[in-house]
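Inspection log for the structure reproduced underneath, given as structure tokens.
Positions are given from 1, in the same order as the sequence printed here. Hydrogens, waters and symmetry mates play no part in the numbers below; they use all other heavy atoms, side chains included. Everything quoted here is computed from the prediction, not taken from an experiment.
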Amino acid sequence: ELETLKAGLGSKFSDTRLRAVEGLIKKKTKAAQELLVTTLNDVERAVRTKSLLALIDFEAKDRLVGALKNTPDDMRVGAA
């Protein structure tokens, strides 16, 4: 199922990407968290924000530190 969610993250449709993020959040695994990090650069702010809030909730500090390096400004502020 993780591969299906990963494929959803690559969709050109933001609602599909958002549903994939929601699916990853439900997984609560390290592998799912790694995929959530990849969405912090998504073009759609709603997708980025949902992922960021989930990573904060998961207390994934090491992943959030990485988000401070190469993500849009709104994600860097949120990660801080």
Side-chain angles (χ1 to χ4, degrees):
E1 184 177 352
L2 205 56
E3 287 301 316
T4 302
L5 294 171
K6 183 178 179 180
L9 294 178
S11 173
K12 66 179 180 177
F13 302 106
S14 63
D15 60 329
T16 301
R17 295 192 311 274
L18 192 57
R19 284 195 308 265
V21 165
E22 291 167 351
L24 289 170
I25 291 168
K26 290 177 185 176
K27 292 287 180 197
K28 298 182 181 179
T29 64
K30 294 221 183 258
Q33 289 176 14
E34 291 295 330
L35 289 173
L36 286 173
V37 169
T38 68
T39 66
L40 295 177
N41 284 314
D42 195 276
V43 297
E44 184 67 36
R45 185 176 184 159
V47 173
R48 296 191 313 259
T49 301
K50 190 156 203 88
S51 295
L52 176 65
L53 293 175
L55 289 167
I56 290 169
D57 286 346
F58 293 147
E59 296 182 6
K61 293 177 184 160
D62 55 333
R63 289 166 183 80
L64 291 172
V65 169
L68 289 171
K69 296 179 182 174
N70 298 313
T71 56
D73 291 340
D74 60 332
M75 294 297 99
R76 278 186 257 152
V77 170

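- By the salt bridge (Lys or Arg N to Asp or Glu O under 4.0 Å) test, Glu3 pairs with no residue at all, sequence neighbours left out.
- Separating the CG atom in Leu36 from the CG atom in Leu9 is a distance of 7.5 Å, to the nearest 0.5 Å.
- In terms of the side-chain contact (heavy atoms from CB on, under 4.5 Å) criterion, residue partners of Leu18 (sequence neighbours excluded) are, by chain and number, Glu22, Val47, Lys50.
- Leu35 is not listed as a side-chain neighbour of Lys27, based on a closest heavy-atom distance of 4.5 Å or more.
- Pairs of residues two or more places apart, or lying in two chains, that qualify as salt bridge (charged side-chain N to carboxylate O under 4.0 Å, His left out) and include a residue from residues 5-17 are Asp15-Arg19, Arg17-Asp42.
- In this structure, the side-chain contact (heavy atoms from CB on, under 4.5 Å) partners of Ala31, at least two apart in sequence or on a different chain, are Leu2, Thr29.
- For Glu34, the side-chain hydrogen bond (donor to acceptor under 3.5 Å, both in side chains) test picks out Arg63, with sequence neighbours left out.
- Here the CG atom belonging to Leu55 is positioned 6.0 Å from the CG atom belonging to Leu40, to the nearest 0.5 angstrom.
- The side-chain hydrogen bond (donor to acceptor under 3.5 Å, both in side chains) test applied to Lys30 returns no partner, not counting sequence neighbours.
- Nearest heavy-atom pair, Val43 versus Arg48, reported as atom, atom and distance to 0.1 Å: O-NH1, 3.4 Å.
- Counting all heavy atoms, side chain and backbone alike, Gly8 lies closest to Ala20 at C-CB, 3.8 Å.
- Lys28 is linked by a salt bridge (Lys or Arg N to Asp or Glu O under 4.0 Å) to nothing, counting only residues two or more places apart in sequence or in another chain.
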